[in-house]
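Notes to accompany the following structure.
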Amino acid sequence: MREQAWQRVRSSGQRRGRRRGAAAAMVVGVLTVGVLASPAASAAPGPDTVQQGLNALLHSDGLPAALASVTDRAGHTGTYTAGVGDLATGSKVPRDGQVRIGSNTKTFTAVVVLQLVGEGKIRLDAPVDAYLPGLVRGEGIDGRRITVRQLLQHTSGLPNYSNYLGDDVRYFAPRELLGIALQHKADFDPGEGWKYSNTNYVLAGLIVEKVTRHTLASEMDRRIIKRIGLHHTYFPAPGDATIREAHPKGYYRVSADAPLVDVTEIDPSWGWAAGQLVSTDSDLSRFFTALLSGDLLQEAQLTQMRTGTQPADATFGPGARYGLGLVSKPLPCGGLYWGHGGSFPGYETRGGATDDGRAANVAVTMQLSDEAARKRVDHVVNRALCR
């Protein structure tokens with residue numbers, strides 16, 4: 001989740017750092033220098049441009065680790081790692097390890113909504129009040145004037161609740177997140193602009209739960225995760241701050257000259273439908289490939305997802321456009337790819353798939369606050385898809 005989420009772990013990270021003591025901080029600092037000087041790396045057989053790209057990220061941005069999964073047109077997949085999976089122990093990065101995928105979760109939420117559209121249970125141009133009557137009211141905010149399509153497209157004008165969470169890292173119920181957003185004025189009238197807001201996807205998730213009478217997590221699991229065999233993807237249960245399978249640890253830096261702090265274990269509920277999922281690079285590639293291939297949506301809904309896109313350069317980089325939970329980005333070798341990307345305390349992910357079956361996803365184990373660093377990760381994705 002790209003927003004100010006990284007700021008929210010500042011005091012939490014400082015508390016964890018103090019609990020571990022000065023000696024632990026010194027170890028982290030020393031190991032970080034070691035990573036910069038001599039990154040450990042391993043890669044599946046294939047062109048070395050991806051491996052070189054991951055290694056370069058460690059040197060340029062001081063990242064503890066980077067991982068990638070790349071699939072070619074023939075369906076052959078290579079996995080790559082670089083760096084150190086745990087700065088305290090110096091352990092290797094687990095191949096295709098699990099990470100928190102942040103706002104890639106939005107695409108999963110959008111797919112569930114669009115499946116329900118295809119089943120006639122939700123209408124894209126129906127107002128939010130058709131499903132959640134009277135729930136969405138505030139200064140310049142009225143659920144009778146905001147449509148489901150505008151939620152998925154970020155054209156609702158709803159303020160972003162994650163801008164106002166501060167440093168409170170704890171369990172948040174979805175309606176509590178919505179309540180925080182509704183205390184603030186609308187950014188613009190519905191349909192009169194575009195602005196990225198996690199609040200849109202919390203509302204989309206609440207609509208799914210109202211229509212299906214099941215949890216969003218169970219609907220994602222049944223409709224997407226089990227359907228296409230995403231064996232390493234899951235929606236953490238309430239109160240679950242861990243990552244289940246082999247994973248590199250995620251880190252946060254309080255300031256440019258401060259040591260990295262381990263923030264791997266964190267309650268992810270504040271992201272919910274907008275950013276709570278855990279997955280791997282290869283599962284993300286499988287997901288986006290299956291989506292573009294029509295394995296998850298009927299043709300009409302997939303077309304809706306990809307048309308009427310809005311310029312999203314400021315959030316996703318030059319030439320990016322936002323559809324219904326799906327982002328298109330141009331490739332330097334021609335054409336474009338579709339994906340989303342995600343940012344969550346401890347992790348950053350970028351990537352997606354092309355219409356001809358190529359896919360690439362890259363994860364790093366530190367949330368990036370520097371736009372130049374994000375561009376360098378995007379560059380690795382571009383090289384992987386254009387090789």
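Hydrogens, waters and symmetry mates are skipped; everything else that's a heavy atom, side chains included, is used. Sequence positions, counted from 1, serve as the residue numbers for this chain.
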What is the minimum heavy-atom distance between Ile101 and Ser279, and which atoms define it? CG2-CB, 3.7 Å
Kindly indicate whether the side chain of Tyr131, heavy atoms from C-beta on, has any atom under 4.5 Å from the side chain of Val211. yes
Please report the closest heavy-atom contact between Gly308 and Gln153, naming both atoms and the distance. O-NE2, 2.8 Å
Min side-chain heavy-atom separation Phe235-Leu216 under 4.5 Å: yes
Show your working on side-chain contact (heavy atoms from CB on, under 4.5 Å) between His340 and Phe288 and close with a plain yes or no. CA-CA 9 Å; His340 197 288; Phe288 285 114; 4.3 Å; yes
Val380: which residues meet the side chain to side chain contact (heavy atoms under 4.5 Å, CB included) condition with it, sequence neighbours left out? Leu54, Leu57, Val362
With sequence neighbours left out, the residues meeting salt bridge (charged side-chain N to carboxylate O under 4.0 Å, His left out) with Arg321 are none
Contacts satisfying salt bridge (Lys or Arg N to Asp or Glu O under 4.0 Å) that involve residues 199-215 (not counting sequence neighbours) are none
Can you tell if the side chain of Leu152 reaches within under 4.5 Å of the side chain of Leu124, non-hydrogen atoms only? yes
Pairs where residues 94-117 contributes a residue and the test ring-ring contact (aromatic ring centres under 6.0 Å, His included) is met, not counting sequence neighbours: Phe108-Phe287
Partner residues of Lys121 under the salt bridge (charged side-chain N to carboxylate O under 4.0 Å, His left out) criterion, sequence neighbours left out: Glu119
Donor + acceptor pair across side chains of Thr147, Asp125 (<3.5 Å): no
Does the Asp48 side chain pair with the main chain of Gln51, one donor and one acceptor, at a distance under 3.5 Å? no
Under 4.5 Å between side-chain heavy atoms, counting indirect links through other Ile/Leu/Val/Met/Phe/Trp/Tyr residues: same cluster for Leu165 and Tyr171 or not? no
Tyr251 and Thr264: side chain donor to acceptor below 3.5 Å: no
Ignoring hydrogens and geometry, is there a side-chain-to-backbone donor-acceptor pair from Thr105 to Gly102 under 3.5 Å? yes
Donor-acceptor under 3.5 Å (Asp61 side chain, Leu63 main chain): no
Would Ser328 and Tyr337 satisfy side-chain contact (heavy atoms from CB on, under 4.5 Å), going step by step from the backbone distance to the final call? CA-CA 6 Å; Ser328 68; Tyr337 72 94; over 6 Å; no
Hey, mind stepping through Ile224 and Leu230 against side-chain contact (heavy atoms from CB on, under 4.5 Å) and telling me if it holds? CA-CA 8 Å; Ile224 301 174; Leu230 303 181; 4.2 Å; yes
Side-chain donor-acceptor pair present, Asp283, Thr233, cut-off under 3.5 Å: yes
Between Thr109 and Ala273, which heavy-atom pair has the shortest distance, and what is it? OG1-O, 2.8 Å
Could Arg244 and Tyr234 be counted as a cation-pi pair, given that NZ or CZ must be under 6.0 Å from the ring centre and within 45° of the axis? yes
Using a strict cut-off of less than 4.0 Å between a Lys/Arg side-chain nitrogen and an Asp/Glu carboxylate oxygen, indicate whether Glu371 and Arg376 qualify as a salt bridge. no
Contact between Leu151 and Val128 at the side-chain level, heavy atoms closer than 4.5 Å - yes or no? yes
Over 60° means perpendicular and under 30° means parallel, so classify the ring planes of Trp194 and Tyr322, tilted if in between. tilted
What pair of heavy atoms forms the shortest contact from Thr354 to Leu331, and how long is it? CG2-CD1, 4.1 Å
With sequence neighbours left out, the residues meeting salt bridge (charged side-chain N to carboxylate O under 4.0 Å, His left out) with Arg144 are Asp142
Name all pairs fulfilling the disulfide (SG to SG under 2.5 Å) condition that reach into residues 148-211, sequence neighbours left out, sorted by first residue then second. none
Residue pairs passing the salt bridge (Lys or Arg N to Asp or Glu O under 4.0 Å) test where at least one lies in residues 195-208, sequence neighbours excluded: Asp187-Lys195
Any ring-ring contact (aromatic ring centres under 6.0 Å, His included) pairs touching residues 197-217, not counting sequence neighbours? His154-Tyr201
NZ/NE/NH1/NH2 to OD/OE distance under 4.0 Å, Asp355 and Arg306: yes
Keeping Arg253 on the side-chain end and Ala258 on the backbone end, is there a donor-acceptor pair under 3.5 Å? yes
If we count only N and O atoms by modelled type, under 3.5 Å, do the side chains of Asp267 and Ser269 hold a donor and an acceptor together? yes
State whether the side chain of Lys106 and the backbone N or O of Ala274 hold a donor-acceptor pair below 3.5 Å, judged by distance alone. yes
Are side-chain heavy atoms of Lys92 and Thr81 found at a separation under 4.5 Å? no
Flag yes if Tyr164 and Tyr196 sit in one hydrophobic cluster, no otherwise; membership is Ile, Leu, Val, Met, Phe, Trp, Tyr, and two members link when side-chain heavy atoms are under 4.5 Å apart. yes
Between Asp189 (side chain only) and Glu192 (backbone N and O only), is there a donor and an acceptor less than 3.5 Å apart? no
Do the side chain of Asp313 and the main chain of Gly319 share a donor and acceptor less than 3.5 angstrom apart? yes
Tell me if the aromatic rings of Tyr161 and His184 count as close, with their centers under 6.0 Å from one another. no
Could you verify whether a donor N or O on one side chain and an acceptor N or O on the other, from Asn200 and Ser156, lie under 3.5 Å apart? yes
For Lys226, all residues meeting salt bridge (charged side-chain N to carboxylate O under 4.0 Å, His left out), sequence neighbours excluded: Asp221
Checking side-chain polar atoms at under 3.5 Å, does Thr349 have a donor or acceptor matched by the opposite partner on Asn104? yes
Answer yes or no: is there a donor N or O on one side and an acceptor on the other, between the side chain of Glu219 and the main chain of Val208, under 3.5 Å? no
Taking Arg223 for its side chain and Val112 for its backbone only, find out whether a donor-acceptor pair lies under 3.5 Å. no
In terms of side-chain heavy atoms, does Thr71 have a donor or acceptor partner in Thr77 at a distance below 3.5 Å? yes
Closer than 3.5 angstrom, by distance alone: can the side chain of Thr365 be matched with the main-chain N or O of Pro248 as a donor-acceptor pair? no
Flag for Gln276-Arg100: side-chain donor and acceptor within less than 3.5 Å: no
How close do Val50 and Ala68 get, counting heavy atoms only, and between which atoms? CG1-CB, 4.1 Å
When you check the gap from the basic side-chain N to the acidic O, do Arg137 and Asp129 get nearer than 4.0 Å? yes
Hydrogens and angles aside, do Tyr347 and His247 bring a side-chain donor and acceptor to less than 3.5 Å of each other? no
I need the full list of disulfide (SG to SG under 2.5 Å) pairs touching residues 303-349, with sequence neighbours left out, sorted by first then second residue. Cys333-Cys386
Side-chain donor-acceptor pair present, Thr215, Ser218, cut-off under 3.5 Å: yes
Could you walk me through whether Lys329 and Asn382 pass side chain to side chain donor-acceptor pair (under 3.5 Å), step by step? CA-CA 10 Å; Lys329 300 187 76 171; Asn382 290 341; over 6 Å; no
ring-ring contact (aromatic ring centres under 6.0 Å, His included) pairs touching residues 353-381, sequence neighbours excluded, are none
When every non-hydrogen atom of His231 is compared with those of Glu245, the smallest separation belongs to O-OE2, 3.8 Å
Can you see whether Asp96 engages Thr79 through a side-chain donor-acceptor pair at a distance of less than 3.5 angstrom? no
